[in-house]
Amino acid sequence: MHDKTISQLATALRDGEFSSVELTRHFLDRIGQHQDLNAFVSVDEENALAAAAAADEKLASGNADPMTGIPVAQKDIFCTEGLRTTCGSKMLENFIPPYNATVIEKFIAAGAVTLGKTNMDEFAMGSSNETSYFGPVKNPWDHKAVPGGSSGGSAAAVAARLAPIATGTDTGGSIRQPAALCGITGIKPSYGRVSRYGMIAFASSLDQGGSMAQTAEDAAIMLNVMAGFDERDSTSLAIDKPDFSASLNDDIAGLKIGLPKEFFEDGLNADVARVVENAIDEYKKLDAELVDISLPNSKLAVPCYYVLAPAEASSNLSRYDGVRYGYRAPEYDDLEDMYKKTRAQGFGAEVKRRIMIGTYALSSGYYDAYYMKAQKLRRLIADDFDRAFEQCDVIMGPTAPSTAFNAGEKTDDPVQMYLNDIYTIPVNLAGLPAMSVPAGFGNDGRPVGLHIIGQYLNESRLLNVAHQFQRVTDWHSKTPEGY
Ligand code: GLN
């Protein structure tokens, strides 16, 4: 059962091959067997089985939707009513939200079954899942390797087939980079496509929820559920949502693929370059055209992001003060001391580093030099993409500069860690949609992702381009040994 995609599972459920309760039980058992991966922070057996039973009734009545009875793992950044939501932090270790995020509401309305909440870097800050208060996640392809981050639990869960699909969020690469490192398919939609209501905020102008799945076809089915206008999120786009599955089979002959020279320069591992070049050759066989392009400001994206994202984070995280909800230090002298001790004890090192950088960048006297400057760079980076898309339909390159690195390898050097997102971050700054698609393996046997960047709001084209690749390759259906 666990090797099936959700489009196959939906057919099997409708044909009565097995029930949603049986399917859910199967995944719950797998989660139990593979606890050493540490992919889940919370598992909700009782409610999962109840939701599955309700789905079975709906299936029996013949009114099933594509998501009816499908088990899904939710990143622990989405608020779930009555189910602990930690965001990977001690600060929210015991937080039980009184409401559901819009994304969660939509999955419930579509008849999906929530298996549990997946592990993640604390407040989504990280590229290796090593900043989680709940411990690191292992990469199912090689337990010595990190799964990527911050949606590392979701990526590991899908790769190990502990869940057929999972949600993720992507502020600077957190869907695409772990998808690449774990050999699965992930899409970050255009900014504003998916509601951020009830999605715990890191950097609000960059955060975007999206899908993590085996295939582009499944990612499209998920996006059909997740996307759409939400008046409770002021940056949600009030536009019609297409059927993201409708154009998967469109012909891509004549597709113009832009190859930015900056994405193939120094810093890119030769092994990853080889796999990505082979993937691009597959597109040539499908009659796509290659166009050399340049994104000259993309090298400024990482420093630009590491001013803007911490600035927004320092403001967003000021709400964790020990007063309203979340952790409160057990002992303190007065109110001010309570704030200080609560935040000192409740946040981990990376989160504190970001709050300090962000507070500094926003302080009077430095604001113009850092924050304003970074905002201007952000515009230049977005303009580069606009110019590039005059010459091509999609942009391709590697998702990450290397395959999964070993746990502990970059924890002492934050700059090295930050550079793992060098190709993904420009996309968030420009608000564009992008995917990572399994494209092969490095000599170390660890997966490599092909990064495909689309034009603003053109997720349908992106999914189409990815799906056509998956029709002629089988990298997406490979599973790690032992799973
Ligand atoms: N790794 C990046 C960071 O640490 C991106 C994280 C994300 O997309 N949430 O900020």
Side-chain angles (χ1 to χ4, degrees), residues 75-78 87-89 118-132 136-137 146-155 166-182 186-191 194 196 199-212 301-314 316-317 347-358 361 374 378 399-402 404-405 409-411 413-436 449 451 453:
K75 184 174 180 179
D76 208 16
I77 198 168
F78 290 101
C87 216
S89 183
T118 57
N119 201 344
M120 55 179 283
D121 280 301
E122 185 177 10
F123 286 102
M125 298 174 190
S127 305
S128 65
N129 222 116
E130 291 168 295
T131 74
S132 171
V137 174
V146 302
S150 64
S151 314
S154 287
T167 52
T169 62
D170 192 313
T171 303
S174 281
I175 288 176
R176 294 160 288 155
Q177 185 259 13
L181 272 44
C182 287
I187 180 167
K188 177 202 98 72
S190 307
Y191 182 76
V194 171
R196 292 184 297 108
M199 194 177 107
I200 295 171
F202 162 14
S204 308
S205 78
L206 300 156
D207 298 342
Q208 187 58 201
S211 2
M212 305 181 81
V302 170
C304 171
Y305 173 91
Y306 278 98
V307 172
L308 295 179
E312 294 185 26
S314 70
N316 274 326
L317 271 57
F347 289 135
E350 183 61 26
V351 173
K352 285 180 192 157
R353 171 158 38 233
R354 307 263 181 129
I355 292 173
M356 285 191 277
I357 295 170
R378 182 176 188 171
T399 304
S402 66
F405 44 94
E409 200 178 312
K410 296 187 200 277
T411 36
D413 188 346
V415 174
Q416 275 310 310
M417 187 71 89
Y418 298 168
L419 284 171
N420 216 257
D421 297 315
I422 191 160
Y423 308 126
T424 50
I425 281 176
V427 176
N428 299 75
L429 292 170
L432 299 172
M435 292 186 76
S436 183
H451 194 204
I453 305 169

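Both ligands and their constituent atoms are indexed starting at 1 by order of listing.
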Test item: side-chain donor near acceptor, Thr169 and Arg196, under 3.5 Å = no
Return yes when Tyr306 approaches ligand 1 closer than 4.0 angstrom through a heavy atom, no otherwise.
-> yes
Checking heavy-atom distances from atom 8 (O) of ligand 1 to each of Ser128, Gly172, Ser151, the winner is Gly172
Closest protein heavy atom (residue, atom, distance) for atom 2 (C) of ligand 1 | Asp421 OD2, 3.1 Å
Verify the distance criterion only: is there a donor paired with an acceptor across the side chains of Gln177 and Asn420 at less than 3.5 Å?
-> yes
If you measure from each heavy atom of Glu350 to ligand 1, is any distance below 4.0 Å?
-> no
So is Ser150 close enough to ligand 1, meaning a heavy atom under 4.0 angstrom away?
-> yes
Option among Asp170, Thr399, Leu181 that satisfies the side-chain contact (heavy atoms from CB on, under 4.5 Å) test with Ser436 = Thr399
Yes or no on side chain to side chain contact (heavy atoms under 4.5 Å, CB included) for Arg354 and Phe202, after CA distance, side-chain angles and deciding distance?
-> CA-CA 10 Å; Arg354 307 263 181 129; Phe202 162 14; 3.4 Å; yes
May I ask you to check whether Asn428 and Arg378 show a side-chain donor-acceptor distance below 3.5 Å?
-> no
Quick one: does Gly126 get an N or O within less than 3.5 Å of an N or O on ligand 1?
-> yes
Is a donor on one side and an acceptor on the other found under 3.5 Å between the side chain of Lys188 and the backbone of Leu432?
-> yes
Per the side chain to side chain donor-acceptor pair (under 3.5 Å) rule, which among Ser151, Ser132, Ser150, Ser154 passes with Asn119?
-> Ser132
Proximal atoms of ligand 1 relative to Asp170 (non-hydrogen, under 4.0 Å) = 8 (O)
Taking distance alone, with no angle check, do Thr169 and ligand 1 share an N/O pair under 3.5 Å?
-> no
If we number the atoms of ligand 1 from 1 as shown, the ones under 4.0 Å from a heavy atom of Ala124 are 6 (C), 7 (C), 9 (N)
Apply the test side chain to side chain contact (heavy atoms under 4.5 Å, CB included) to residues Asn129 and Glu122: give CA-CA distance (whole Å), side-chain angles for both, the deciding distance (0.1 Å), then the verdict.
-> CA-CA 8 Å; Asn129 222 116; Glu122 185 177 10; over 6 Å; no
With a 4.0 Å heavy-atom cut-off (strictly under), which part of Tyr305 contacts ligand 1: side chain, backbone, both or neither?
-> side chain
Ligand 1 atoms nearer than 4.0 angstrom to some heavy atom of Phe202 are 9 (N), 10 (O)
Does any N or O atom in Met125 lie less than 3.5 angstrom from one in ligand 1, N or O only?
-> no
Look at the aromatic rings of Tyr306 and Tyr418 and report parallel, tilted or perpendicular, splitting at 30° and 60°.
-> parallel
For ligand 1, is there an N or O atom under 3.5 Å from any N or O atom of Gly173?
-> yes
List the closest protein heavy-atom neighbour of atom 7 (C) of ligand 1: residue, atom name, distance to the nearest 0.1 Å.
-> Ser174 OG, 2.4 Å
Side-chain donor-acceptor pair present, Ser127, Asp421, cut-off under 3.5 Å = yes
With heavy atoms only and a cut-off of under 4.0 Å, state how Phe123 meets ligand 1: side chain, backbone, both or neither.
-> neither
Side chain, backbone, both or neither: which part of Arg354 comes within less than 4.0 Å of ligand 1 when only heavy atoms are counted?
-> side chain
